[in-house]
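Order of the sequence lines sets the chain letters (A, B, ...), proteins ahead of strands, with each chain counted from 1.
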Amino acid sequence: MITITLPDGAKRQYEEGTTALEIAKSISEGLARKVLAAEINGEVWDATRPIKDDAALKLLTWNDKDGQMTFWHSSAHLMAEAVEQKYPGVKFWVGPPIENPRGFYYDIDLGDRKISEEDLADLEKTMRELAKQGNAYVRKEMSKKEAVDFFSEKGDEYKLDLLQKLSDGEITFYTQGNFTDLCRGPHIPDTGFIKAIKLTNIAGAYWKGDEKNKQLTRIYGVSFPSQKELDEYLVLLEEAKKRDHRKLGKELGIYTLDDDVGPGLIMWLPNGTVIIEELEKLAKETELEAGYKRVVTPHIAKESMYLTSGHLPYYADSMYPPMEMEGEKYYLRSMNCPHHHKIFAAEPKSYRDLPYRVAEYGTVYRYEQSGELFGLMRVRCLHMNDAHIYCTKEQFNDEFRAVNDMYLKYFKIFGIDKYVMRLSLHSPDKLGIKYVNEPELWKETETMVRNVLRASDIPYVEVQDEAAFYGPKIDVQIYSVIGREFTLATNQVDFSQGRSFKLQYTTPDNQTETPLIIHRAPLGTHERFIGFLLEHYAGKLPLWLAPVQVKVLPISDKFTDYAKAVSEKLKKADIRCEVDDRNEKIGKKIRDTELMKVPYMLIVGEKELNENKVAVRVQGKGDAGVKGVDEFTAEITVEIKERRSV
RNA sequence: GCCGUUGUAGCUCAGUGGUAGAGCACUUCCUUGGUAAGGAAGAGGUCGUGAGUUCAAUUCUCAUCAACGGCUCCA
């Protein structure tokens, strides 16, 4: 007999070799029908795998993340079975479940075959038929030799490659119906659980993620235990599309692109420019308060500067090619730091000048690969909320921490709470290739950054091989509505460029020392930040950012003069206000203004004119009663000043 | 850059081997209307660009540019 401990602490006795599914059945048949997998002593297992020793057991259903992941993993196998049935002879690489977007994919070498999105419906149909058969996922342990023989016979170089890293005792195969795959598992009990399937798209993906390798065909899909859940998911996807910043950016007149100007080159329309100016105002206020000095530097520089900085060898490919003038090569800058270093170097510095903080909304140009461009999130001309802090080692912790506090201050203003702080570290095997070859300095600065994060009590994740070439950094990662991950803001340590630029300050004992540099951009770039804000607020920007804050809507043209008088009064109070004097009915004016997401509407007619008042309507909420113009102005002036988010 | 898809009016989209259509937006007129679309008329497109096939191409083929979905990349 073995003792099974359930999550509530209850202990039960079972025969050795009992499965989690049988245990579920002993609790209730209804529960057993929902069990997808089991967590045995913290490890996810097949629900049908015999348990041989005492164990802590948690039954996993659709309500558990691991239950879903197992479900999608099994769905990937089901898709592979359908693909193999329809296209015999294809070879499979890997087919994992994924969280973002939800579902699964399988990478497949189709040989000379091509499939397009039209074939997906057909594949789905085959999957449904196979699912209905309710075939069990059967686990089988194999020796390495058996496994190698199996795939050698199939001529499957991909699975043989996977096997190379595995040894006897850790090789398992799973079979469902006619499909057998090398797989660590676990899987759901049988295909009958998969009731709703949607293959979403088809894409190329390099083998092992390396662009030098062959490109395989990746099919993405998602599946659910019921049609209802699939339908709900599809509705959710539709909703997400509505807040896509590219759609909102067009509807709200924020920005535009033009073929004649070039891909990834954003032109900010008047409405978008208002947002930019408000953000800059915020940044300037905040930075002034934090002791930064503002500078302005050119968008280009000579080649020699980027050789000094060390950027050119790393990033020449993603810089616009140089232009030649009087025998000199000039580059459009793709970063502001070298210019700022030159500002530091312009006058001799003493320890009394440190920390020396220079800020600039710097325009930079990056020749991003064409396939990478994405709305406002990934562009070729960007405006960075940039600043560089030159400080001593002793000052570093306070400075770095102050920058982090600035992030948090901003995030509070914008109500940003769904982000991941990422401590981005170097990868020791890429020293001298991707990272400056200073193993000791890397170790030292990484520890410094980690300590700051710990001291601030900020939750974060550590990731290898994401550092800048000159030092470790903290990135703030966010997701766009369609699930793509982006770095919104960044705070970086640089122990390298100070020396390459021979930056120095005089210490109290009259020695020269190289400062540490912090690169920081808490508001990222205008492009990405506004793209993010549009999605974050679903286009309903808070009052202080709204391009048009108030729209005055006269009931008929008899009241246009009064509307204009009200508007003038608001404008004098620095409120962005417009009058809708079109020959339209009030319902139409309201509708159009609502769609443009203007925060406040002031409706004026006979009544308001006589009483010298306005009828306030709040965007998305409706009628908010009649008020005097001065009272209304005073109220929203406070709302704007406080940069309220609601 | 790579794989795949798409490209028709300002926007959203129909359609065709015989040089194009809808709704919204726009202009004018009627209407002067009280909290999410009043009515009528009009104007607007060398069907992304270039080449080829054809008596004839927006439609078929190729190239190219751009956008979209991924992959790779992201100082």
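Of the C1' atoms belonging to A22(B) and A57(B), the separation is 24 Å, rounded to the nearest Å. Annotation: G18(B) and U58(B) have their P atoms spaced 11 Å apart (nearest Å). Annotation: G21(B) and U46(B) have their P atoms spaced 15 Å apart (nearest Å). Comparing A36(B) with C71(B), their P atoms are spaced 44 Å from each other, to the whole Å.
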For nucleotides 67-71 of chain B, tabulate all protein N/O to nucleotide N/O atom pairs closer than 3.5 Å, reporting atom names and distance.
| unit_1 | atom_1 | unit_2 | atom_2 | d |
| --- | --- | --- | --- | --- |
| C68(B) | OP1 | Arg246(A) | NH1 | 3.4 |
| C68(B) | O3' | Arg246(A) | NH1 | 3.3 |
| G69(B) | OP1 | Arg246(A) | NH1 | 3.2 |
| G69(B) | OP1 | Arg246(A) | NH2 | 2.8 |
| G69(B) | OP2 | Arg246(A) | NH1 | 3.1 |
| G69(B) | OP2 | Arg484(A) | NH2 | 3.3 |
| G69(B) | O2' | Asn201(A) | ND2 | 2.1 |
| G70(B) | OP2 | Arg484(A) | NE | 3.4 |
| G70(B) | OP2 | Arg484(A) | NH2 | 2.8 |
| G70(B) | O3' | Tyr220(A) | OH | 3.1 |
| G70(B) | O2' | Tyr220(A) | OH | 3.3 |
| G70(B) | N2 | Gly204(A) | O | 3.3 |
| C71(B) | O4' | Gly204(A) | O | 3.2 |
| C71(B) | O2' | Tyr206(A) | N | 3.0 |

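In this structure, Lys434(A) reaches the sugar-phosphate backbone alone: every heavy-atom distance under 4.0 Å involves primed, P, OP1 or OP2 atoms, never a base. Across all strands shown, Tyr470(A) has heavy atoms under 4.0 Å from sugar-phosphate atoms exclusively, and none from any base.
At the phosphate of A75(B), OP1 or OP2 sits under 4.0 Å from a side-chain N or O atom of Lys473(A). Contact between the side-chain N/O atoms of Lys588(A) and the OP1/OP2 oxygens of G33(B) is not found at any separation under 4.0 Å.
Atom pair Leu376(A):CG and C74(B):C1' shows a separation of 17 Å (rounding to whole Å applied). In this structure, His311(A) atom NE2 and C73(B) atom P are separated by 19 Å, rounded to whole Å. Atoms CD1 (Ile108(A)) and P (G4(B)) sit 15 Å apart, rounded to a whole Å. Between Leu602(A) atom CG and U35(B) atom P the separation is 16 Å, expressed in whole Å. Rounded to an integer number of Å, the gap from CG of Asn583(A) to C1' of C30(B) is 9 Å. What separates CD of Glu211(A) from P of G1(B) is a distance of 12 Å, to the nearest Å.
Comparing Gly605(A) and Ala468(A) by the nucleotide of RNA chain B that holds the closest heavy atom to each, the one mapping nearer the 5' end is Gly605(A). RNA chain B is contacted by both Glu608(A) and Lys250(A); Lys250(A) maps to the nucleotide lying nearer its 5′ end (nearest heavy atom per residue).
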Would you sort out whether His426(A) and Glu446(A) count as a side-chain hydrogen bond (donor to acceptor under 3.5 Å, both in side chains), showing the intermediate values? CA-CA 9 Å; His426(A) 79 298; Glu446(A) 286 176 355; 2.6 Å; yes

Output, in order, the C-alpha distance, side-chain angles, deciding distance and verdict of side-chain hydrogen bond (donor to acceptor under 3.5 Å, both in side chains) for Arg333(A) and Thr297(A). CA-CA 11 Å; Arg333(A) 70 172 168 195; Thr297(A) 55; 2.8 Å; yes

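Stem regions for RNA chain B, each three or more consecutive Watson-Crick or G-U pairs with both distances under 3.5 Å and listed by first number, read B:1-7 with B:65-71, B:10-13 with B:21-24, B:26-30 with B:38-42, B:48-52 with B:60-64.
Under a 3.5 Å cut-off, the side chain of Arg366(A) and the backbone N or O of Ser334(A) do form a donor-acceptor pair.
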